[in-house]
Undergrad: 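Please see the structure below; I have some questions.
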Amino acid sequence: LDGFPRTAAQAKLLETKMTGLDLEYRATLKAKASVIAPPPIDPLDSLPLLSGFDKMVMLEVSEEAVALRRALGRRVDSSNGRIYHMEFDPPPEKDAGLMERLKESMGPYNDSAQAQARLTAVGAEAAAFEEWVSRFDSLVVRVDADGAPLD
C-alpha cells in the first residue's frame, strides 16, 4: 500500500483488521481484571509483536524541501504511461519527442499545497507512528531518500 497507513491510528486499525491484534482492547481487559485473583501472566506480552505486513518501507529525508521536490517533479509520458521524475529519474534526452509528450502528473499528489499539507500532517503524527511500528520486530526498512534512486 503506497502512502498508507500515514498515522498511528490508521496503522492500528489496519493491523487489527489484518491480524485481529487490538492492544487497546487487551489493555482494557487487563485494567478490568480482578486484583484479588488476577489472570495469569500472558507469555505473549514479553515477545515482539508480529505484523500482518511483511515490511514497511519508510523513505527518510533530511529536510522537508527534499520531500517536496520528490513529490512535485513527476511527469507522465502520454504515449505509454511511463512516469519520470524531472530531478530524480529524468527522461532520456535521446528520445525524440519525449519532452513534448510529457505531461505534469495531475491530481493531489502533484499539487504543492496538498503535498505541503500532507507533509505537515505526517510530521505531526511522526512520533506516534514511530512508537507504534517500533513494537514490531524488524518491520520497518528505512531508505535514505535524499539522493537519486540509485544512490
Side-chain angles (χ1 to χ4, degrees), residues 1-90 102-151:
L1 300 173
D2 183 13
F4 185 84
R6 284 194 176 122
T7 67
Q10 290 173 343
K12 289 175 187 177
L13 182 61
L14 186 57
E15 190 67 51
T16 299
K17 294 297 180 189
M18 289 173 42
T19 65
L21 177 67
D22 189 342
L23 296 179
E24 291 173 5
Y25 177 71
R26 290 183 71 185
T28 301
L29 288 179
K30 285 182 182 182
K32 292 180 178 180
S34 171
V35 177
I36 297 171
I41 295 174
D42 186 348
L44 296 178
D45 286 344
S46 61
L47 297 174
L49 297 174
L50 295 175
S51 176
F53 288 102
D54 294 323
K55 293 289 179 193
M56 281 189 178
V57 177
M58 295 183 87
L59 302 177
E60 296 183 329
V61 293
S62 58
E63 301 175 15
E64 194 172 276
V66 174
L68 277 173
R69 284 195 341 258
R70 280 204 164 282
L72 300 177
R74 289 180 286 238
R75 302 292 184 272
V76 179
D77 182 342
S78 58
S79 71
N80 61 19
R82 165 82 160 84
I83 299 172
Y84 295 96
H85 191 283
M86 299 310 287
E87 182 179 351
F88 297 106
D89 183 21
L102 291 180
K103 304 291 182 211
E104 188 171 327
S105 182
M106 302 306 288
Y109 291 104
N110 213 37
D111 176 84
S112 61
Q114 289 205 19
Q116 181 64 55
R118 281 194 320 274
L119 283 173
T120 300
V122 166
E125 277 285 327
F129 189 80
E130 286 283 336
E131 190 275 326
W132 172 254
V133 297
S134 70
R135 295 176 180 203
F136 299 91
D137 191 35
S138 304
L139 175 62
V140 177
V141 175
R142 297 178 188 285
V143 175
D144 179 0
D146 277 336
L150 299 178
D151 283 356

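Keep in mind that the numbers below use all heavy atoms, side chains included, and drop hydrogens, waters and symmetry copies. Computed from a prediction, not measured in an experiment: that's the story for all the values here.
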Undergrad: Of all heavy-atom pairs between Ser51 and Thr19, which one has the smallest distance, and what is that distance?
TA: C-CG2, 4.3 Å
Undergrad: Using side-chain heavy atoms (C-beta onward) and a distance below 4.5 Å, is Leu102 in contact with Val76?
TA: no
Undergrad: Report the residues that fulfil side-chain contact (heavy atoms from CB on, under 4.5 Å) with Ala126, sequence neighbours left out, ordered by chain and then residue number.
TA: none
Undergrad: Please list all pairs passing the salt bridge (Lys or Arg N to Asp or Glu O under 4.0 Å) test where one or both residues lie in residues 7-22, with sequence neighbours left out.
TA: Lys12-Glu24
Undergrad: Under the salt bridge (charged side-chain N to carboxylate O under 4.0 Å, His left out) rule, collect the residues that match up with Lys30, sequence neighbours excluded.
TA: Asp45
Undergrad: Does NZ or CZ of Arg82 fall inside the cone over Tyr84's six-membered ring, less than 6.0 Å from its centre and within 45° of the axis?
TA: yes
Undergrad: Could you report the tightest heavy-atom contact between Ala11 and Phe129, atom names first, then the distance?
TA: CB-CE1, 3.9 Å
Undergrad: Taking everything shown except Leu50 itself, do over 12 heavy atoms lie less than 6.0 Å from its CG?
TA: no
Undergrad: With Glu60, which residues qualify under side-chain hydrogen bond (donor to acceptor under 3.5 Å, both in side chains), at least two apart?
TA: Arg142
Undergrad: Donor-acceptor pair, distance only, cut-off 3.5 Å: does the side chain of Gln10 make one with the backbone of Thr7?
TA: yes
Undergrad: If you compare all heavy atoms of Leu21 against all heavy atoms of Leu23, which two are closest, and at what distance to 0.1 Å?
TA: CD1-CD2, 3.6 Å
Undergrad: Centre of Phe88's six-membered ring, under 6.0 Å away, within 45 degrees of the axis: is that where NZ or CZ of Arg70 sits?
TA: yes
Undergrad: For Glu63, give me all partners under side-chain hydrogen bond (donor to acceptor under 3.5 Å, both in side chains), at least two apart in sequence or on another chain.
TA: none
Undergrad: Evaluate Met58 against Glu130 for side-chain contact (heavy atoms from CB on, under 4.5 Å), listing each step before the verdict.
TA: CA-CA 10 Å; Met58 295 183 87; Glu130 286 283 336; 3.4 Å; yes
Undergrad: Could you check whether any side-chain heavy atom of Leu29 comes within less than 4.5 Å of a side-chain heavy atom of Arg26, counting everything from C-beta outward?
TA: no
Undergrad: Hey, could you give me the CG/CZ distance between Leu49 and Arg135, rounded to the nearest 0.5 Å?
TA: 7.5 Å
Undergrad: Do Tyr25 and Thr16 touch side chain to side chain, with heavy atoms closer than 4.5 Å?
TA: no
Undergrad: For atom CG of Asn80, is the number of surrounding heavy atoms from other residues, nucleotides or ligands below 6.0 Å larger than 12?
TA: yes
Undergrad: Given side chains that start at C-beta, do those of Glu64 and Gln116 come closer than 4.5 Å, heavy atoms only?
TA: yes
Undergrad: Does any non-hydrogen side-chain atom of Arg75 lie less than 4.5 Å from one of His85?
TA: no
Undergrad: How would you list, by chain and number, every residue that makes a side-chain contact (heavy atoms from CB on, under 4.5 Å) with Lys55, sequence neighbours excluded?
TA: Ser138, Val141
Undergrad: Which pair of heavy atoms, one from Ala67 and one from Val61, lies closest together, and at what distance?
TA: CB-CG2, 3.9 Å
Undergrad: If you look at every heavy atom in Val57 and Val143, which pair is closest and at what distance?
TA: CG1-CG2, 3.8 Å
Undergrad: If I take atom CZ from residue Arg118 and atom CZ from residue Arg6, how far apart are they, to the nearest 0.5 angstrom?
TA: 5.5 Å
Undergrad: Quick one: closest heavy-atom pair of Leu59 and Ala145, and the distance?
TA: CB-CB, 3.9 Å
Undergrad: Parallel, tilted or perpendicular: which fits the ring planes of Phe136 and Trp132, with parallel below 30° and perpendicular above 60°?
TA: perpendicular
Undergrad: Is a salt bridge present between Arg69 and Glu87, judged by a nitrogen-to-oxygen distance below 4.0 Å?
TA: yes
